Amino acid sequence: MSRAANNDPVSSSGAQRPGAGLLVVLAGPSGVGKSTIARALVERTGMHYAVSATTRPFRPGDEAGKRYEHISRQEFLARLDRDEFLEYAEVYGEYYGTPKHPTVDLLAGGQSVLLEIDVQGALQVRSHYPAALLIFILPPDEPTLLRRLEHRGRDAPQEIARRFRAARREIHMARGSRAFDHMVVNDDLQRAIAQVVALVTHAQTGGMAKDDRSTQERGNRQ
Ligand code: ADP
Ligand code: 5GP
């Protein structure tokens with residue numbers, strides 16, 4: 001996937017331009033708690049949340065325009081042809097993508113931006129934005145993940161089964177890719193939020209956040 005030509009916060013050498021904002025990616029299997037953690041992260045840091053475009057139909061629980069712009073498959077493919085996505089993927093049979101704008105403009109203006117996306121998208125971000133902070137959220141164990149998917153009450157039983165089956169593969173892909181800076185286990189929610197906020201604020205101030213890693217599963221990149 002090619003980069004935006006003008007406002008790209010990454011120079012042609014792959015280095016982050018001075019003054020560019022921090023691009024943060026939260027990934028992890030469905031039901032692990034990404035949206036819950038992302039909401040808290042936005043509230044506490046004031047960073048911008050990137051609205052994705054998706055072909056997945058609107059469902060009860062989706063707040064209109066806050067998380068997604070729901071578009072047709074035809075519209076998604078037309079935008080893809082026009083190279084309008086910073087990253088995209090087909091996930092659970094639907095297309096999801098991060099529009100380049102306004103994300104690249106905000107980054108170029110020094111603002112931090114949060115992407116809540118799947119592993120395939122995270123790997124695209126890693127290759128185009130080497131300075132991005134990639135965090136993968138893990139469930140404490142498989143039965144807990146299944147309970148969360150069920151208790152959320154959003155997806156039909158066969159959709160829950162599909163997402164649960166995909167989780168093991170996604171975790172395997174995330175670990176094997178070595179692309180993520182940190183793996184955070186979401187057992188106690190407040191602790192997981194505090195860890196993610198600490199990682200982001202540390203990275204925003206130019207730190208590598210190595211000291212914070214003792215309390216969480218280590219990322220794969222060191
Ligand atoms: P995702 O965005 O990764 O699909 P959600 O944020 O929608 O996941 O969380 C799935 C469900 O699990 C929601 O009902 C949420 O309230 C709940 N949840 C999230 N984190 C925790 C946690 N640490 N302990 C218990 N329940 C949680
Ligand atoms: P859901 O249907 O549960 O809202 O999202 C399904 C999956 O798509 C989740 O893993 C979510 O993180 C991912 N996703 C949401 N938006 C994007 C996006 O813009 N790009 C990519 N690659 N994945 C996304």
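Everything numeric in this text was worked out from a predicted model, so none of it was measured. For ligands, and for the atoms within them, numbers begin at 1 and follow the listed sequence.
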Is the shortest distance from a Lys or Arg side-chain nitrogen in [X] or [Y] to a carboxylate oxygen in the other one below 4.0 Å?
X	Y	value
Asp105	Lys100	no
Arg168	Glu142	yes
Glu43	Arg39	no
Glu87	Arg126	no
Glu69	Arg79	yes
Asp155	Arg162	no

Subject >> Donor-acceptor side-chain pairing of Gln190 and Asp188 below 3.5 angstrom >> reply: no
Original post:
Applying a 4.0 Å heavy-atom criterion (strictly less than), which segment of His151 is in contact with ligand 1: side chain, backbone, both, or neither?
Top reply: neither
**OP:** Tell me, please: is Ala38 in heavy-atom contact with ligand 1, that is, under 4.0 Å?
**Re:** no
**OP:** Look only at interatomic distance and state if Arg152 has a nitrogen or oxygen under 3.5 Å from any nitrogen or oxygen of ligand 2.
**Re:**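 So ligand 2 has no N or O lying under 3.5 Å from an N or O of Arg152.
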Original post:
Should Tyr92 be counted as touching ligand 2, given the test is an N or O pair under 3.5 Å?
Top reply: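 No: no nitrogen or oxygen of Tyr92 is under 3.5 Å from one in ligand 2.
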Which bit of [X] is near ligand 2, meaning a heavy atom under 4.0 Å away: side chain, backbone, both or neither?
X	value
Lys34	side chain
Arg154	side chain
Arg163	side chain

**OP:** Go through ligand 2 atom by atom and flag the ones less than 4.0 Å from a non-hydrogen atom of Arg56.
**Re:**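 Once the distances to Arg56 are compared, the set is 1 (P), 2 (O), 4 (O).
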Original post:
With a cut-off of 4.0 Å, which atoms of ligand 2 are near a heavy atom of Glu116?
Top reply: 12 (O), 14 (N), 15 (C), 16 (N), 17 (C)
Original post:
Other hydrophobic cluster members with Tyr92, side-chain heavy atoms of Ile/Leu/Val/Met/Phe/Trp/Tyr under 4.5 Å, chained?
Top reply: Tyr68, Val91, Tyr96
Contact between [X] and ligand 2, counting heavy atoms under 4.0 Å?
X	value
Arg67	yes
Tyr68	yes
Gln120	no

Original post:
Is the count of non-hydrogen atoms from other residues, nucleotides or ligands lying under 6.0 Å from Arg59 atom CZ greater than 12?
Top reply: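 Atom CZ in Arg59 is crowded, with more than 12 foreign heavy atoms closer than 6.0 Å.
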Note the single closest protein heavy atom to [atom], along with its residue, its atom name and the distance in Å.
atom	value
atom 18 (N) of ligand 1	Arg148 CD, 3.9 Å
atom 23 (N) of ligand 2	Asp118 N, 3.1 Å
atom 20 (N) of ligand 1	Asn186 ND2, 3.0 Å
atom 20 (N) of ligand 2	Glu87 OE2, 2.8 Å
atom 6 (C) of ligand 2	Tyr96 OH, 3.5 Å
atom 10 (C) of ligand 1	Gly31 O, 3.5 Å
atom 15 (C) of ligand 1	Thr36 OG1, 3.7 Å

Original post:
With under 30° as parallel and over 60° as perpendicular, where do the rings of Tyr88 and Tyr95 fit, or are they tilted in between?
Top reply: tilted
Original post:
When clusters are formed by joining ILVMFWY residues with side-chain heavy atoms under 4.5 Å apart, either directly or through shared neighbours, do Ile71 and Phe58 land in the same one?
Top reply: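 No, Ile71 and Phe58 fall in different hydrophobic clusters.
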Original post:
Out of curiosity, Thr36 OG1 to Ile193 CD1, how far, rounded to the nearest 0.5 Å?
Top reply: 7.5 Å
**OP:** Tell me which one of Pro99, Ser30, Ala53, Ser52 gets a heavy atom nearest to atom 19 (O) of ligand 2.
**Re:**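 Minimum heavy-atom distance to atom 19 (O) of ligand 2 goes to Ser52.
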